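Taking it in order: structure first as structure tokens, then the write-up.
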Amino acid sequence: MKTLLQINSSLFSTAGQSSRLADAFVAEWRRANPDGRVIERDLAKEPVPHLTAERFQAFLSKPEARTPDQDAVLGFSNALIDELKAADVIVLGLPMYNFGVPSTLKAYFDHIARAGVTFKYTEKGPVGLLTGKAAYIFAARGGLYAGTPLDSQTTYVRDFLRFLGIADVEFVYAEGLAMGAEQQKKALDSAGASIRRIAEESLTPFAVAA
Ligand SMILES: Cc1cc2nc3c(=O)[nH]c(=O)nc-3n(C[C@H](O)[C@H](O)[C@H](O)COP(=O)(O)O)c2cc1C
């Protein structure tokens with residue numbers, strides 16, 4: 001049985017454009033994987049706290065010296081990581097806010113990057129430990145950035161996931177959503193077409209394995 005983890009990071013929760021595109025993809029995935037399991041993580045409904053020195057210290061603490069507070073912090077981070085480990089496919093709804101990723105997503109990333117757990121340091125540099133997964137990112141933006149130096153989101157998210165070992169990453173963009181009704185429709189239609197193409201190419205039983 002395959003497992004998909006859907007992470008929504010829109011501040012509008014399920015009503016965000018990025019969440020809706022992610023939902024459309026998940027619907028296709030469910031059709032292709034009727035026995036599959038979907039785990040939902042909504043960073044608007046359940047925000048991950050900012051990483052503080054205290055929380056980071058909990059990540060480094062030795063089991064025998066851990067305080068109850070550190071236990072709780074570690075348990076929370078472990079639960080997020082367990083969801084990721086269980087997932088064959090990761091779906092991320094990714095809005096652009098103020099030229100970057102939502103701060104809730106950054107806080108989530110800060111809680112899943114754990115040395116010795118999701119990546120390790122080696123003599124040849126860091127190695128990601130979350131291998132064998134595919135990720136699909138649904139990026140919603142008010143303006144137009146894809147393929148330009150202003151698109152800091154794509155490289156950041158791609159590099160971060162690769163750092164954790166998730167190298168099979170595909171982006172679907174809906175851009176210009178604040179540039180009038182016509183452009184919005186064009187962007188959403190195009191993103192919808194990309195979702196159907198991915199479903200056909202990658203989700204059917206005859207698709208070439210990623
Ligand atoms: C607080 C805020 C900041 C935004 N900043 C940007 C921005 O820097 N660039 C941009 O193109 N669009 C920006 N937008 C527009 C969003 O990218 C657009 O509304 C998109 O649909 C957001 O995704 P969501 O609907 O999934 O939340 C911003 C929207 C909000 C609410």
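Computed from a predicted model, the values in this text were never measured in an experiment. In each ligand, atom 1 is the first atom listed, and ligand 1 is the first ligand listed.
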Using 4.0 Å as the upper bound for N to carboxylate O, is an ion pair formed by [Y] and [X]?
X	Y	value
Arg31	Glu28	yes
Asp151	Arg141	yes
Glu83	Arg41	yes

Original post:
Roughly how far apart are Leu129 CG and Lys85 NZ, rounded to 0.5 Å?
Top reply: 8.0 Å
Original post:
Name the residues with a heavy atom less than 4.0 Å from ligand 1?
Top reply: Ser10, Phe12, Gly16, Gln17, Ser18, Pro95, Met96, Tyr97, Asn98, Phe99, Ala140, Arg141, Gly142, Gly143, Tyr145, Leu177
Original post:
Quick one: do Val157 and Ile7 end up in the same hydrophobic cluster if we chain Ile, Leu, Val, Met, Phe, Trp and Tyr together by side-chain heavy atoms under 4.5 Å apart?
Top reply: yes
**OP:** Say whether Gln6 and Asp42, considering side chains only, have a donor N or O and an acceptor N or O under 3.5 Å apart.
**Re:** no
